[in-house]
Structure formats: structure tokens, C-alpha cells
2 protein chains.
Amino acid sequence: MTRQTDTQGDLSKDRLRVWLRMLKVTRRIEAELRERMRQEWDTTLPRFDVMSALHRNGEGMKMSDLSGVLRVSNGNVTGIVDRLVADGLVERRSVEGDRRAMRVVLTEKGRVLFDDMAGVHERWVDELLSPIGAQGLATVYSRLGRIAETTGEDS
Amino acid sequence: MTRQTDTQGDLSKDRLRVWLRMLKVTRRIEAELRERMRQEWDTTLPRFDVMSALHRNGEGMKMSDLSGVLRVSNGNVTGIVDRLVADGLVERRSVEGDRRAMRVVLTEKGRVLFDDMAGVHERWVDELLSPIGAQGLATVYSRLGRIAETTGEDS
DNA sequence: TATAAAAATTTTATACTTGAAACAATCTGA
DNA sequence: TCAGATTGTTTCAAGTATAAAATTTTTATA
């Protein structure tokens with residue numbers, strides 16, 4: 001229980017403070033983005049995330065690819081894709097050569113909608129993070145990068 | 001992250017990159033903490049948050065105070081408190097002078113458990129954020145602080 | 001070629017989350 | 001006083017999230 005020095009304990013408390021602030025800021029921005037998406041397009045952040053991943057992969061992605069990239073459970077992706085399919089924004093196609101797998105692709109309607117959303121989304125983020133200038137962006141990006149490296153593996 | 005001759009568009013893209021990294025890092029740490037809490041005490045982050053708020057307020061808090069401080073909806077708090085009550089970690093007491101309101105308090109069992117959890121939680125956060133040193137902590141804290149000020153109001 | 005193991009997905013059970021509606025109690029102003 | 005607004009909480013419907021079990025198909029291997 002005895003710590004080696006006072007500064008060691010202070011550092012731990014500082015990390016806790018940073019973590020709590022990071023959590024708070026992230027949640028607030030997420031809440032703001034969620035609300036705007038709801039108002040603007042009657043959609044949600046998870047749906048946007050799925051569409052974004054599919055947009056980056058024009059040929060479509062398997063369900064397991066989606067849950068891997070987005071880091072959410074398989075079962076969760078099933079539900080989100082179900083709803084996107086119901087809205088005609090996404091299609092499930094069978095994978096030739098493997099009858100287990102499904103390839104999920106943006107429909108034309110989905111592509112058009114996402115092109116619209118992506119631009120507006122970038123402007124919203126720019127607005128919400130506007131208190132951070134070029135200098136701060138670089139610093140925060142690099143510090144967070146160190147955590148990203150150690151916490152998980154890839155990307 | 002970009003050249004000194006940043007255009008407006010580059011800055012916007014940088015903010016998007018920072019946001020996406022922040023989101024990724026936050027989610028990973030949250031996932032890690034959630035998993036450890038599940039393994040260690042068979043509990044969840046939202047329950048920990050509620051207990052933490054109650055621990056800071058020994059006299060207990062009204063449901064509306066909880067949803068205000070934690071920034072989650074009223075209905076959500078109802079469910080989480082219900083489950084904490086079922087586990088005997090928390091108690092609902094009536095508020096003298098206002099028959100609408102309820103005061104939620106940690107039970108003795110809840111207090112003992114939280115004391116245990118809080119210390120371990122701080123060590124986990126210290127470990128997960130260990131790639132950031134004193135210098136980085138101060139910078140990140142101050143940059144995020146600017147956003148916290150503009151995005152929402154208090155605390 | 002059986003058959004066991006692995007892979008891709010869905011299903012199930014439970015919990016968290018929101019926004020909105022419903023309810024009850026309190027407060028307020030004519 | 002007492003009708004209307006406000007406050008505190010719960011209920012409800014829908015969506016998001018996980019872990020674990022189940023299902024179907026493919027692959028490996030004996």
C-alpha cells in the first residue's frame with residue numbers, strides 16, 4: 001500500500017483526472033452528434049459507423065469484418081445491419097464459394113445518403129473541436145496514439 | 001501532424017482524425033475496464049458510476065441529481081438503481097417534505113464494495129494511461145478542458 | 001470418407017440508453 | 001382556493017451492446 005514517492009501517487013491521480021475528463025468530453029460530443037443525426041436524418045451513430053465502414057470498402061464487407069473493424073459484437077452488427085436493410089440503405093449478398101458468409105454492401109440510396117452525411121459530419125466535428133488549434137491537435141493526436149498502440153493491437 | 005501552411009480544410013480533417021482517435025481510445029479503455037469489472041466483481045461501468053456518485057455524496061442523492069450529474073436520462077437511472085437495489089448495494093429512501101422524490105443511498109454493503117472497487121479502478125486507469133507522462137497529462141487535460149467548457153456548461 | 005474442429009453468422013438473454021409519454025405531487029398566480 | 005404550470009419519477013418503445021449458445025457450412029485429418 002505504501003507508494004514509493006509522493007509523485008507516483010500524484011501521477012496516478014492525474015491519470016484518473018485525465019481519464020474522467022476524456023470520458024466526459026467524448027460522451028458530450030457523442031451525445032451532440034447523436035442528437036444532430038437524429039434531427040437531421042433520423043439516424044444513429046452506430047448506423048453511421050457501419051455505413052462509413054462500408055463506404056470505405058466499396059466491394060462490401062463480411063459481417064465478421066464489420067464487427068472486427070468497428071469492434072462491436074457479432075450479434076450487435078446483425079441487428080444494426082437488419083435495420084439498415086429494412087431502410088434500403090444496405091444489402092446482404094451471398095459470398096460466392098462460402099455459403100456461411102454474407103457480404104454487406106451500400107445500396108445506391110445508401111451511398112447517396114452517406115456522401116451527404118459525411119460532409120456535414122466533418123463540419124460538425126470541426127465545430128465541436130474548434131477550441132483546439134493546430135498545435136493542440138498534433139499534441140493530443142500523438143499522446144492518444146501512444147495509448148492506442150499499447151491498448152490494442154492493429155490500426 | 002500537418003505542415004505549417006495548413007489550409008482550413010486540412011485543419012478540419014485533422015480535427016476529424018483527432019476525434020476518431022479519441023473515440024477509439026476511449027472505447028478501448030472503456031471496454032477494457034468493463035471487462036475487468038465484469039470478471040472481478042460481476043458489475044458494470046454504469047453501476048460503478050452511480051455508486052461513485054453516491055459515495056461522493058454520503059447523504060444520498062435524488063434520482064434527478066443522479067441523472068443530472070451522470071448526464072444520463074431519468075429512465076436510465078431508474079433501471080440501474082433498480083438493479084443495485086436488487087443486489088442490496090443501494091437503498092431508496094423517501095425524502096421528508098416531498099413525497100415525489102426519492103433519496104438514493106449506498107448501503108453498508110455498497111460502501112464496503114465501492115471502497116474496494118475505487119482503489120483497483122484507479123490502478124487500472126493508471127496502468128491503461130501509463131504511456132502518457134506528466135507532461136502529456138497536463139497538455140491533454142488542458143486541451144480537453146477547452147472543449148469541456150464550450151460543449152457543456154458546469155463542472 | 002467419416003468426423004472432428006473451425007469459421008461465419010444468428011439467436012437468446014440480459015443490460016444500458018434514449019426520448020417521450022404518463023403520473024403524482026408541489027408550487028404559483030389570479 | 002384552485003386551475004395551470006412545474007418538478008420528480010417511472011413506464012414504454014425502440015435501438016444498442018455484450019456474452020454465450022446454437023446453427024450452418026467449410027476445412028482438416030485420420
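Chain naming here is simple, since letters A, B, ... match the order of the sequence lines and numbering starts at 1 in each.
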Exercise: identify the closest heavy-atom pair between [X] and [Y]:
X       : Y       : value
L33(B)  : H121(B) : CD1-NE2, 4.1 Å
S94(B)  : M102(B) : CA-SD, 4.3 Å
L128(B) : I147(A) : O-CG2, 3.9 Å

Whole-Å gap separating [atom2] ([N]) and [atom1] ([X]):
X      : N       : atom1 : atom2 : answer
R93(A) : dT9(C)  : CZ    : P     : 15 Å
F48(A) : dG15(D) : CZ    : C1'   : 18 Å
L84(A) : dT16(D) : CG    : C1'   : 13 Å
L70(A) : dA17(D) : CG    : P     : 9 Å
D82(B) : dT10(D) : CG    : C1'   : 9 Å
L66(B) : dT7(D)  : CG    : P     : 19 Å
M61(B) : dT9(D)  : CE    : C1'   : 15 Å
M37(A) : dG15(D) : CE    : P     : 17 Å

- Message: Quick check on DNA chain D: between V95(B) and G97(A), whose nearest nucleotide comes earlier from the 5' end?
- Response: V95(B)
- Query: So, does the side chain of R99(B) form a donor-acceptor pair with the base of dA25(C) at under 3.5 Å?
  - Reply: no
- Message: Quiz question: going by heavy-atom distance under 3.5 Å, is there a donor-acceptor pair between the base of dT24(D) and the side chain of R100(A)?
- Response: no
Pairing of [X] and [Y] as salt bridge, 4.0 angstrom limit:
X       : Y      : answer
R71(A)  : D49(A) : no
E30(A)  : R27(A) : no
E127(A) : R36(A) : yes

- Regarding S52(B) and R56(B), is there a side-chain donor-to-acceptor distance under 3.5 Å anywhere? yes
- Option passing salt bridge (charged side-chain N to carboxylate O under 4.0 Å, His left out) with E122(B) (candidates R17(A), R15(A), K13(A)): K13(A)
From C-beta outward on [X], which listed nucleotide comes closest to its side chain: [options]?
X       : options                  : answer
S64(A)  : dA8(C), dC16(C), dG15(D) : dA8(C)
M102(A) : dT9(C), dT24(D), dT9(D)  : dT9(C)
M63(B)  : dT16(D), dG8(D), dT10(D) : dT10(D)
D98(B)  : dT9(D), dA7(C), dA25(C)  : dA25(C)
T78(B)  : dT25(D), dT11(D), dT9(C) : dT11(D)

- When we call it a touch if two heavy atoms are under 4.0 Å apart, what does R92(A) touch: a base, just sugar-phosphate, or nothing? sugar-phosphate
- Message: Both distances below 3.5 Å, Watson-Crick or wobble geometry, any strand: find the nucleotide opposite dA30(D).
- Response: dT1(C)
Filtered N/O pairs between nucleotides 17-19 of chain C and protein, under 3.5 Å:
residue: dT17(C); atom: OP2; partner: N76(B); partner atom: ND2; Å: 3.3
residue: dT17(C); atom: O5'; partner: N76(B); partner atom: ND2; Å: 3.0
residue: dT18(C); atom: OP2; partner: S73(B); partner atom: N; Å: 2.7
residue: dT18(C); atom: OP2; partner: S73(B); partner atom: OG; Å: 3.2
residue: dT18(C); atom: OP2; partner: N76(B); partner atom: ND2; Å: 3.3
residue: dG19(C); atom: OP1; partner: E35(A); partner atom: OE1; Å: 3.4

- Note on the structure: By nearest-nucleotide position on DNA chain C, the 5'-leaning member of K62(A) and R47(B) is K62(A)
- Item | Distance (rounded to the nearest 0.5 Å) between M117(A) CE and T43(A) OG1 | 5.5 Å
- Are any of the side-chain heavy atoms of L106(B) and H55(B) separated by less than 4.5 Å? yes
- Task: For DNA chain D, find the residues of residues 49-60 of chain B with a heavy-atom distance under 4.0 Å and give them by number; none if there aren't any.
- Result: none
